[in-house]
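Structure record follows, encoded as structure tokens.
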Amino acid sequence: MPELPEVETIVRDLRLKVLQRTFIDIWTDAEKLIKFPAFPKFKKEIIGLKVEGVNRRGKNIIFELSERRILLVHLKMTGHLLLGKWRKTGALWRSEVSGPMQDDPTNRFLHLIFWLDSGQMIALSDMRKFAKVELRKASEFYSSKYFKDLGPEPLSKSFSSKELGERIQKRKRKIKQILMDQSVIAGIGNIYADEILWQAKISPFRPAESLSFWEVEDLCSAMKEVLKKAVAAKGSSVSDYRTLSGEKGKFQEIRKVYRKEGERCPKCGEKIKRQKIGGRSAHFCPKCQK
DNA sequence: AGTTGTGTTGAAGA
DNA sequence: ATCTTCAACACAAC
């Protein structure tokens, strides 16, 4: 699931590879992925635009293009971007280079392809076709409700436990749900919510407003620490996420609780439990998370 | 072989 | 306002 660390990894790699490149053609077999404008117009408009910047906001990938346009990509659950070269053989696209692009089935769900003037291609592989792709005028996008409603970036230097406290106090929902609310903090999903709460020794069931000053401080530092470690590990590939080159991240190897029901807590040895909170699985240690 | 679990977001319903 | 449910979609595991 691409959350902040996964999207950050993709954005950093894109910056190294596609700056100053121009889109020369696109293809899709799933026009519904393009939410705005409708596919024929999207295709006509993006051809000839140059990539001048690539940024991340929450879980959103924002390509800054020439003509003051932006290309927005949200990968949702099973989407990931790949950079490479493919050839169409029958119904499916086959990578021209061997390795994970060819061998890993996760990298074979190509539903949208961009050709660049460098000869490289950017492909969106998305088993469930939930991803969102939009081409908009930058001014309209940055002033949109969608963009303005995103909460602060947890890894920005200015994000402090004071701000976190202000944003979660008086909120009655469970802290796990608050952490995943993109309008409270941007970029955290199920994996990192569970990992952060374990690290901070806070139960996912606690009403957000019940956290003490010190617990908010612990939560804030756990958040920064876990997310930074995950970025350094190039994200988590528990299931579908892959890097631009089609490889798995490494954070799943060092995660402590997410999808580890029945295993031992690394801190106290108690068995990790799994329980639904608002329809989502929460993984936690019932002994050391209070 | 049908059922369930998977998680992000936004919309709809309570 | 705040919360819950569902839909979008497709596959693996049971």
Side-chain angles (χ1 to χ4, degrees), chain A residues 1-8 10 28-36 39 56-62 72-81 91-92 104-112 124-134 136 141 144-151 154 167-197 204-210 227 230 235-242 248-249 251-252 255 257-262 273-284:
Chain A
M1 285 36 73
E3 304 177 30
L4 185 154
E6 290 76 28
V7 177
E8 180 66 23
I10 292 170
T28 186
D29 66 350
E31 296 193 3
K32 292 183 84 172
L33 291 170
I34 287 107
K35 312 293 178 184
F36 187 89
F39 181 71
R56 180 189 61 75
R57 183 73 176 88
K59 303 176 191 174
N60 299 279
I61 301 169
I62 301 171
L72 173 74
V73 178
H74 193 302
L75 299 165
K76 297 286 180 83
M77 291 182 60
T78 56
H80 55 281
L81 292 183
L92 62 148
D104 187 341
T106 302
N107 293 330
R108 287 181 203 153
F109 299 93
L110 272 44
H111 294 299
L112 176 60
L124 170 66
S125 177
D126 187 0
M127 183 178 81
R128 290 172 71 173
K129 295 191 246 183
F130 279 2
K132 171 173 90 172
V133 179
E134 298 180 352
R136 293 189 181 272
F141 175 70
S144 68
K145 179 167 162 44
Y146 175 78
F147 185 76
K148 293 211 291 198
D149 278 353
L150 289 170
R167 298 187 75 86
I168 71 173
Q169 70 182 355
K170 293 178 186 167
R171 316 221 44 161
K172 300 182 196 309
R173 285 152 78 208
K174 297 175 178 66
I175 186 62
K176 153 119 172 156
Q177 296 175 293
I178 293 292
L179 283 183
M180 294 194 295
D181 184 331
Q182 302 303 297
S183 69
V184 178
I185 309 141
I188 296 172
N190 216 20
I191 299 175
Y192 298 107
D194 285 357
E195 294 295 322
I196 289 165
L197 287 168
F205 299 95
R206 290 274 299 282
E209 62 181 0
S210 75
L227 293 174
S236 305
S237 298
V238 180
S239 56
D240 300 79
Y241 165 73
R242 297 294 183 273
K248 291 185 177 186
F251 189 83
Q252 71 280 6
R255 75 196 197 279
V257 287
Y258 179 75
R259 287 214 199 169
K260 288 200 175 240
E261 185 184 18
K273 288 195 86 173
R274 178 166 70 110
Q275 217 172 312
K276 291 273 179 184
I277 297 181
R280 310 268 165 77
S281 284
H283 311 78
F284 60 100

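Convention: sequence-line order gives letters A, B, ...; per-chain numbering from 1. Here the structure is a predicted model, which is why all the values come from computation and not from measurement. These values consider heavy atoms only, across backbone and side chains, with no hydrogens, waters or symmetry-generated copies.
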| field | Closest-nucleotide ordering on DNA chain C, the 5'-leading residue of A/G278 and A/R171 | value | A/R171

Tell me: [atom1] of [X] to [atom2] of [N], nearest whole Å?
{"X": "A/K276", "N": "C/dT4", "atom1": "NZ", "atom2": "P", "answer": "14 Å"}
{"X": "A/K35", "N": "B/dT8", "atom1": "NZ", "atom2": "P", "answer": "17 Å"}
{"X": "A/Q177", "N": "C/dA1", "atom1": "CD", "atom2": "C1'", "answer": "16 Å"}
{"X": "A/K172", "N": "C/dT4", "atom1": "NZ", "atom2": "C1'", "answer": "18 Å"}
{"X": "A/I191", "N": "B/dT6", "atom1": "CD1", "atom2": "P", "answer": "13 Å"}

| field | Base-paired stems that DNA chain B participates in, counting runs of 3 or more Watson-Crick or G-U pairs under 3.5 Å | value | B:2-6 with C:10-14, B:8-14 with C:2-8

| Within 6.0 angstrom of A/K174 NZ, more than 12 heavy atoms from elsewhere |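 At most 12 heavy atoms, drawn from other residues, nucleotides or ligands, come within 6.0 Å of this atom.
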
| task | Going 5' to 3' through nucleotides 9-14 of chain C, assign each nucleotide B (protein heavy atom under 4.0 Å from a base atom), S (under 4.0 Å only from sugar-phosphate atoms) or - (no protein heavy atom that close). | result | BBS---

| remark: Per-nt protein contacts along nucleotides 9-14 of chain B (heavy atom under 4.0 Å; B base, S backbone sugar-phosphate only, - none) come out as BS----

How is [X] classified with respect to the nucleic acid when contacts are heavy atoms under 4.0 Å: base, sugar-phosphate, or nothing?
{"X": "A/Y241", "answer": "nothing"}
{"X": "A/R259", "answer": "sugar-phosphate"}
{"X": "A/K174", "answer": "nothing"}
{"X": "A/S281", "answer": "sugar-phosphate"}

| message | For the P atoms, the ones on C/dC9 and on B/dA11, what distance do you get once it is rounded to whole angstrom? | response |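 It works out to 16 Å between them.
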
Those residues that, when tested against [X], pass side chain to side chain contact (heavy atoms under 4.5 Å, CB included) (two or more places apart):
{"X": "A/K32", "value": "none"}
{"X": "A/M180", "value": "A/K176, A/N190, A/A193, A/R280"}
{"X": "A/S210", "value": "A/R206, A/P207"}

| query | Would you find a donor on one side and an acceptor on the other, under 3.5 Å apart, between the side chain of A/R167 and the backbone of A/V184? | reply |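 Flag set: sc A/R167 to bb A/V184 pair under 3.5 Å.
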
Only counting residues at least two apart or in another chain, list the ones meeting ring-ring contact (aromatic ring centres under 6.0 Å, His included) with [X].
{"X": "A/H283", "value": "A/Y258"}
{"X": "A/Y146", "value": "none"}
{"X": "A/Y241", "value": "none"}
{"X": "A/F147", "value": "A/F141, A/Y142"}

For nucleotides 2-4 of chain B, print each protein N/O atom paired with a nucleotide N/O atom at under 3.5 Å, atom names and distance only.
none

| Contact list for residues 183-193 of chain A, test salt bridge (charged side-chain N to carboxylate O under 4.0 Å, His left out), sequence neighbours left out |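 Salt bridge (charged side-chain N to carboxylate O under 4.0 Å, His left out) check on residues 183-193 of chain A returns no pairs.
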
| query | Would A/D181 and A/R173 pass as an ion pair if we require N to O under 4.0 Å? | reply |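 Salt bridge between A/D181 and A/R173, a charged N being under 4.0 Å from a carboxylate O: yes.
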
| message | Any salt bridge linking A/R255 with A/E195? Criterion: basic side-chain nitrogen under 4.0 Å from a carboxylate oxygen. | response | no

| said: With side-chain hydrogen bond (donor to acceptor under 3.5 Å, both in side chains) as the test, pick out the partner of A/H80 among A/N107, A/D126, A/T106. | reply: A/N107

| field | Side-chain donor-acceptor contact under 3.5 Å, A/R274 with A/S281 | value | yes

